[in-house]
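The structure appears right after this line, and notes come after that.
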Amino acid sequence: MKPLITNIQRFCVHDGPGIRTTVFFKGCSLHCPWCANPENISFNEQYFYIKEKCSVFCKYVHTCKTRKTAVANEEDILNCCFGAIGKFGKHYSNDELFDELVKDVQYYGNDGGVTFSGGESLLFLPYYDQMVQKLREKKINTCVETALFVPKDKVEWAIENIDFFYVDIKVLEEGTCHEILGGDTGIFLSNLKFLYDRIGREKIIYRMPIIAGITLTDANVEIVKHVLNDFPPKRVEIFSVHNLGKKKYERLNKEPAAAPQVGMDILSEVKKCMETTGNEVVINSI
Amino acid sequence: MKYNVNAVIVTCNRRKLLQQALESLLNQTYELNKIVVVNNASTDGTKEYLDSLEDEHLVVLHKEVNEGGAGGFYYGIKEAYDIGCDFVWIMDDDTICIPESLERLMESFEVLNGRPVGFLASNVLYKDGNPCFMNICHPEYVWNEFVAEGIVRITHCSFVAMLIPTWVIKEVGFPIKEYFIWGDDGEYSTRILQKYEGYLCGKSVVYHYMNENVGVDIWNVEESRIDRFFYFYRNWMCTNKMRSQMAVKQFERESKALIKSIRKSNTSNKWRKIKVIKQGLREGRKFDVTIQYPDKSNAAKTTNTSRKGIKYRLFRIFRYFAVKYDIKTQGYVTYCKELYRKFVKVEPTTWEKIKFLIKGGLRTKLYDSGSKTNDLSQLLKEVKFDFCESKYFAYTVDVYKTWKIKTRQMANCAIDYELLLNHSLDDLRMEDDGEQYTSENNQIVEILKEYCDRLAQEVGKRNLKNRDSIAVWMKKIQSHPAESLEEALQRILVMNQVMWQTRHIQMGLGRLDLLLEKYIRDDMTEEYLEDVLSDFIQVLHSYYWMKSEEMPGDTGQIIILGGLDANGKYVCNQITYAVIRAIKKLQIPDPKVLLRVTSETPENLWKLAVDCISTGVGSPLISNDDRIIPSLTEFGYELEDARNYVTSACWEIIPGNSCEQNNIGVFDFAAAFDLLAKKEDLDALDTWDKFIWQYSVQMCGHANFMVHLVDYIEWEKDPLMSFFKVACRESHTDISEGGGKYNNYGVLSVGLSNTVNSLINIRKYVYEEKRFTLKELYTMRNKNFVGNEDVHALLKNSKKYFGEDDQTQDAIGLANWLIMRINETVVDYRNRFDGRVKFGLSSPGYITIGTNMPATFDGRLDYEAYNVHISADDNQNITALLNFASQLKYDEAGFNGNVVDFTMSPQFIRDNMDKFVTLLRASIKSGVFQMQMNVIDSTTLMAAKKNPEKYPNLIVRVWGFSAYFKDLPEEYKDFVIERAIKNEAANN
């Protein structure tokens, strides 16, 4: 199956050092209910429908199935002039993606570069091996965001080829993780150990969403603290989830997950608690 | 295209003629939909005749009472409108058409495609074929645009054969039925012409079967018809009343003159005539009518045409003084009006306005003796000093006094300030060789010396903080060069205030850091420099309202910082930093700063500049020497002059030692869409190549027209400006006679972005996918896509390639090709001083021109603004925009200011200062010409629009200057808000 990409976002300032271009891959090994990019969970092309853009002036207003059912229909996409129906997911070849990523090369400077996000970017990156090699030849910094719920060979590839890792830490209790995210914590832990042993502390940053009742439970925080003790990273970033993905859920005709936002006070508490492991913890405002 | 046309005939007791008229209508080659006949209570059997006719086209209205022509046309047009049609064609019962009359009119309508046509009139002939004197239409000032097609633009029209589109009727309403007869057509056609254009189609002929071919005038009128003049005077009085008080006054004056001459003459029945006129005028003053609209909701908006508001009353007071003191000088009233117009933009309270009017009315004086040096001498002798608050300097402009400008005065550039810094006034004296220039030059030396003496004296009398030093400096200016920083700054202020005093608008301050470099002493601390320069800037900010030209903030006082020196080394010094720091701290929109940068610009200067930008003050505008100087030398400027460039009020480059006029006209890339439809057969353009070539031909024609406008400019003789320009001093020639060094002129442009996006859409949908033919697309566009909302959405939602580095549609190639075609057009042009023409891609006209132009094919609807300067239409992919801008062609003649304009939220810049500096530096390296930023968030803007009093100091960037948001016209406020919202949508 060819990898699909939903978005290539340029002039990103939040996904790592310097000015970066972020690639969002489509497809994820987990299905976190708070996901802000629900279009990147499924591995297949998906059609979406933006109700607000749909207009009564459309010629097909009476025949359009999408309008009737509010579920995007592939047949209607060509007829739609109003941009109400669209498609998530586009395939790029190695060269195409490379061309897109070097457009901003003059802005990357010394520390900026490319970030691969998703979805689970590690699942797809080995396919773009050739492209990544070309980036490395141009000395463009590369960075992945991963949850590490992937086969070991992918991690091994990444260790060889990627400069920097953002590792998501979510739910590490075995039962809950399987139930809510659909992931096996054993894979995560063994991958983390494997990665950590090979690249060391300076090349890893952990990111953790704080969601009351899911990631923010006493048991989970305890396990996370253990992980921080065993594999101390360069930095830990914690943040409260935002509901920016809500519109996208609607467009995909999915129920948006109600992930309760936590206040700054709780974040500071978590920060304090985690700092007891001797790591630097910062609160991300996004 | 076939339109539905309903004809309207009003008849009264002329059965025979009516019969002929109806026949001529039924015989039209262009078939009519309905013919509405209004029978105005005829008694000669017309009713029976009409009832006997059985034709499906006929609709007959019988009126019990004769309501005159006006009433008849009112009911007739209303009926025709209610039946439904695209056009209403109205005429009298004695109007006989030839069979092609209507067809010719409709052909003319097609020719006028795209013009806002309000009515079309036929050529009215008397039955013997001579022109019908009663129905002569007068041509507009510019009447000959379509004369090759036999179409002439006219100023009014009679109801004898007039074709009106129904959408016009919908907007302007019906004729006024209360007028009974006479003046109803004049009123109606002028009402239409307030918003539309009227044309006479020479090929469409109608005959007016009157008894005698005579025009009507009160001198020769038959006795029985004298009473009819009552209606004439009553109705015109009423019409003028709706127009303006000025028109009423005018009409009264004319009528009085007429009465007087009738009284003195020996015409028959003269007392009766005078009585009728007087009666008419009297009635007219009392006569109140309301205009009826087909759609009731329109009515309230437009009936209130009389001007009785406070503004008008203030104007009356103002005029009273104007008239009392100096009625003879036409320029005086104009100048007073101009001052008042500027003043009310920034000062809304009534009391202040009244105070201003009284003061202005009494004090305003224009000097016009025929000799410029005499004017100047007189002016500077009499100006009142009104020093503004300052710690270090004296600065005063008497806004009410100035010299008269008869034609057009050179301005909007910079004078050579170093002349009076490095020399004294005595040094600038020239050896008398009998030439006019030298004698004027020496006179100006004397005048300025006298002026400085007066300043020195006055300063001594006033309680100025630094008065002793200022008095000394004012003496020293006459015999010594400037010696200290403060003295140099004071000299610049004196030159600046003299320029303002003589209405040299929008004069820049030059390269301030370079000018002042030699006055920097080691013992000057950062704080001291910042303090002095803050004071200097604040002083320049005074008289803000008077200095603002088109809009508050448009003062043109631009300080140029940084940039290469004559040896090609990057210059920046303590002054550079201090000025930016001062601007950042003061948070005032004027004067503004342009920072010249190269790849050599130090990181900390960049940081300071970005820091200043992030406060939202709008300054500095960034200008890329690495890109600009090579294009200047390539164009033909000497390297030293190229390196020493400054700019006009916004961004238009003025190489050193020249005095160029860079804002002569604005060229509209998108205007060719209209021209193309007018001049070419759209069906014949069956391939993209043919289309784009013809497009460029029309575009170049338009460009050529704009360029040749320069030929007609008559420059005002200007010994003062010539005094301060090195080039003029060398050539001993006045600036108005080509004394400047290069004498090149610049035009600006708008609409490139909309044009490129439109062309790409046309290529895609017309020539590649063949969804519509070009003609179909034009037809939809001419109706502003009403009824074709889906097509409009398609065009609007198509990806906009201008400002994107997505190369799939080669937008950059297309844009550069258009630019190249313009270059080809202007390359050979030489003005009378052998100067050339240059152009730029950014112009202040994006709203004013856009709101006068019909829809384009990129989703922009009728009369919407164009995209601003070089900017992306919707999503703000900033790196893509900068990449795109760096690939545009700015060489050859295309260097007259090319600003990339984007919006950023202040939070974003503050959080990512270093990354933002990296972004700007990299974009300069890759070749962006110039850029400016609006740092603002939409929430603040919207709150400020709602409650302006809570945000008195909020500054935004418009055109190429900064302004207080509260002072902006509403459409500019909305425009800035819209762009901020788009930016936030794209970056979140």
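Proteins come first, then strands; the chains are lettered A, B, ... in the order of their sequence lines, and each starts at number 1.
Sparse packing is recorded around CD of A:Glu74, with 12 or fewer heavy atoms of other residues, nucleotides or ligands lying under 6.0 Å away. In A:Glu255, the CD atom is not crowded: 12 or fewer heavy atoms of neighbouring residues, nucleotides or ligands sit closer than 6.0 Å. Summarising the local packing, CD of A:Glu75 is surrounded by 12 or fewer heavy atoms from other residues, nucleotides or ligands at distances under 6.0 Å. Counting heavy atoms of neighbouring residues, nucleotides and ligands inside a 6.0 Å radius, atom NZ of A:Lys134 exceeds 12 of them. Atom CG of A:Asn110 has 12 or fewer neighbouring heavy atoms from other residues, nucleotides or ligands inside a 6.0 Å radius. By the 6.0 Å contact criterion, NZ on A:Lys90 is open, its count of non-hydrogen atoms from other residues, nucleotides or ligands being 12 or less.
Ranking B:Asn788, B:Asn912, B:Asp911 against chain A, the residue ahead of the rest is B:Asn912, based on heavy-atom pairs under 4.5 Å.
Between B:Leu919 atom CG and A:Gln106 atom CD the span is 9.5 Å, to the nearest 0.5 Å. In this structure, B:Glu789 CD and A:Lys59 NZ are separated by 11.5 Å, a value rounded to the nearest 0.5 Å.
In this structure, A:His14 and B:Phe908 have perpendicular ring planes: the angle between them is above 60°, well past the 30° mark.
The parts of B:Asp790 that come within reach of chain A are both its backbone and its side chain, each placing non-hydrogen atoms under 4.5 angstrom from that chain. When heavy atoms are compared at a cutoff of 4.5 Å, B:Leu882 approaches chain A by way of both its backbone and its side chain.
Between the side chain of B:Lys915 and the main chain of A:Gly18, a donor-acceptor pair closer than 3.5 Å is present. Side chain of B:Asn883 to backbone of A:Asp104: no donor-acceptor contact under 3.5 angstrom is found. Remark: side-chain polar atoms of B:Asn877 are not paired, donor with acceptor, to backbone N or O of A:Arg10 under 3.5 angstrom.
When all heavy atoms of B:Ser926 and A:Tyr107 are compared, the closest pair comes out as OG-OH, 4.2 Å. Between A:Phe11 and B:Met904, the shortest heavy-atom contact is CE2-CE, 4.4 Å.
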